[in-house]
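Data block below; observations after.
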Amino acid sequence: MPSSSARKRGAAAKITSGNVKVDSPDSSVASKATSKASNQSSFFRRIVTYLSILLCVASGVYFYVNTMLYDDPTAVPIRAESKEDSYPWTSVELPGRGVGVVATRDIKQGELLLREKPLFVVPKKVSASPGSLLLSTLAKLNRVERAEFYNLSMVNFPDGLVPDSEIFHQELALAIFQTNSIAAGENVGIFPKMARFNHGCSKAFNSVYTWREQEGGIVTYSIRDIKKGQELLTTYTDTKRPRNERRNYLKTMYGFDCQCSVCSLSDEASLASDRRLSEMSELRAKLSSWQNGELTGKQAIGIVNRIWHLGDEEGYWSERGSLAADGCWVAASHSDAEATKQFAKLAHKWYTIEVGGDSTQAKEMEPLISQPRRHHMWGKKKREFVGGPDVVL
Ligand SMILES: C[S@@+](CC[C@H](N)C(=O)[O-])C[C@H]1O[C@@H](n2cnc3c(N)ncnc32)[C@H](O)[C@@H]1O
């Protein structure tokens, strides 16, 4: 066999050279010493050869295990997520909810909880098969990134697929993606840390993420104070819907029965909560009819204040920055300087809490607090005293 004869040829050359010395008739102490040294060196060479073979075998085994485990998307041997040391929370197993995120200290309203870039994004609408698009996208990631993806939880993985078939891998990727992806501007993406936040409805969620186009990532802020040990919850859907609708949606899309503090209210309290949430939604829709001239400025501001009041009663504090910014828009359009200033201040406060003081939304409000006429809608509608927000600033 060519490989073994090649190895023998190298060994024979060494033996030949040693035999010449030993068989020499002029053998002396020096030549004995040379012969001894030669024997020793041949012994050491053999040791080195054995060690090299051992090393080769060990690296082969290591490479095989590593390659097979990581290249098989269903086998994820490690938790590749990095430590969340710099954030005031940690991810832990929670009974009946998989992994969740829990505060490691008291967190104040408006604190930055997370800044994260996506593992990958894909367009919201794709013409090709979503499963194959996901597989080709995943193939471009490195092994650790792929492990991060396959380590996430999933629901709605169909039964009865042939293991290791193409369709099996596509459906697996799709199930993980649909369980964990979130909107990223025009796209939808995977953010492995954000993906560990569980869901809460209405006043039960305390953490809100926002996509920032210029940064190509999300930021997440606490919209209320959170006690050490409390779970950080975000929301997976528009929770201004009645409890039954919310629960059906969450069960179908995310495979769980929502037991959050709002879904667990008594029937009577839940009905009252549903009424408030529905009214908030309806009023939001009605507010947009101001643009077509169907409402006066004063009526539009009356709606903004009513939504605010309902939010107070319900404990629903999300979207308050944009609500106050709408008030600012109405007031500026009708040239009400004082109301524009007050709504700008309110919008700035709530944008800072929910999307960050360094957000474009908060920054846009800043100059209007002292110079209301700088609003781009200033004086675009009939002059009218519309009145400011009902809240104490
Ligand atoms: C984006 S993941 C959230 C993290 C997930 N718990 C985990 O283990 O990685 C969404 C999944 O978490 C679980 N989940 C989220 N919110 C929940 C809740 N309020 N109650 C029970 N399970 C919940 C559901 O299984 C859902 O499909």
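We count residues from 1, following the sequence as given. Order of listing sets the numbers, starting from 1, for every ligand and every atom in it.
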Heavy-atom gap Gly96 to ligand 1 smaller than 4.0 Å =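 It does; at least one heavy atom falls under 4.0 Å.
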Heavy-atom gap Leu152 to ligand 1 smaller than 4.0 Å =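 Heavy atoms of Leu152 never come under 4.0 Å of ligand 1.
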Polar-atom distance check: Phe197 versus ligand 1, any N or O pair below 3.5 Å?
->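 No, since none of the N or O atoms of Phe197 sits under 3.5 Å from an N or O of ligand 1.
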Give the numbers and elements of all ligand 1 atoms closer than 4.0 Å to a heavy atom of Val155.
->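 Every atom of ligand 1 under 4.0 Å from some heavy atom of Val155: 27 (O).
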Run the numbers for me: atoms of ligand 1, each under 4.0 Å from some heavy atom of Asn180, listed by number.
->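 Under 4.0 Å from Asn180, ligand 1 has these atoms: 1 (C), 2 (S).
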With no hydrogens and no angle check, do the side chains of Glu354 and Thr210 hold a donor and an acceptor under 3.5 Å apart?
->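 No, no side-chain donor-acceptor pair sits under 3.5 Å.
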Verify the distance criterion only: is there a donor paired with an acceptor across the side chains of Thr239 and Arg246 at less than 3.5 Å?
->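 The criterion, which ignores hydrogens and geometry beyond distance, is not satisfied for Arg246 and Thr239.
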Determine whether Tyr351 and Ser322 make a side-chain contact, defined as any pair of heavy atoms from C-beta on separated by less than 4.5 Å.
->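 Heavy-atom side-chain distance check passes, below 4.5 Å.
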Can you tell me which residue and heavy atom of the protein come closest to [atom], and the distance to 0.1 Å?
{"atom": "atom 10 (C) of ligand 1", "value": "Tyr236 OH, 3.4 Å"}
{"atom": "atom 2 (S) of ligand 1", "value": "Ala195 O, 3.4 Å"}
{"atom": "atom 14 (N) of ligand 1", "value": "Asn198 OD1, 3.3 Å"}
{"atom": "atom 25 (O) of ligand 1", "value": "Tyr254 O, 3.6 Å"}
{"atom": "atom 5 (C) of ligand 1", "value": "Val99 O, 3.3 Å"}
{"atom": "atom 18 (C) of ligand 1", "value": "Phe256 CE1, 3.3 Å"}
{"atom": "atom 9 (O) of ligand 1", "value": "Arg196 NH1, 2.5 Å"}
{"atom": "atom 19 (N) of ligand 1", "value": "His199 O, 3.0 Å"}

Mind checking whether His376 and Trp329 have ring centres under 6.0 Å apart?
->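 They qualify: ring centres under 6.0 Å apart.
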What do you reckon, are the aromatic ring centroids of Trp317 and Phe205 less than 6.0 Å apart?
->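 Ring centroids of Trp317 and Phe205 are no less than 6.0 Å from each other.
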Between the side chain of Arg115 and the main-chain N/O of Gly217, is any donor-acceptor distance below 3.5 Å?
->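 The answer is no, because no donor-acceptor pair under 3.5 Å joins these two groups.
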Tell me, please, whether Trp89 has Lys193 positioned over its six-membered ring: NZ or CZ under 6.0 Å from the ring centre and within 45 degrees of its axis?
->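 No, a cation-pi geometry is absent between Lys193 and Trp89.
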Under the side chain to side chain donor-acceptor pair (under 3.5 Å) rule, what do Thr237 and Arg241 come out as? Steps first, then yes or no, please.
-> CA-CA 9 Å; Thr237 177; Arg241 299 196 271 175; 2.6 Å; yes
Atom NZ of Lys124: over 12 foreign heavy atoms under 6.0 Å |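 Check passes, neighbour count above 12.
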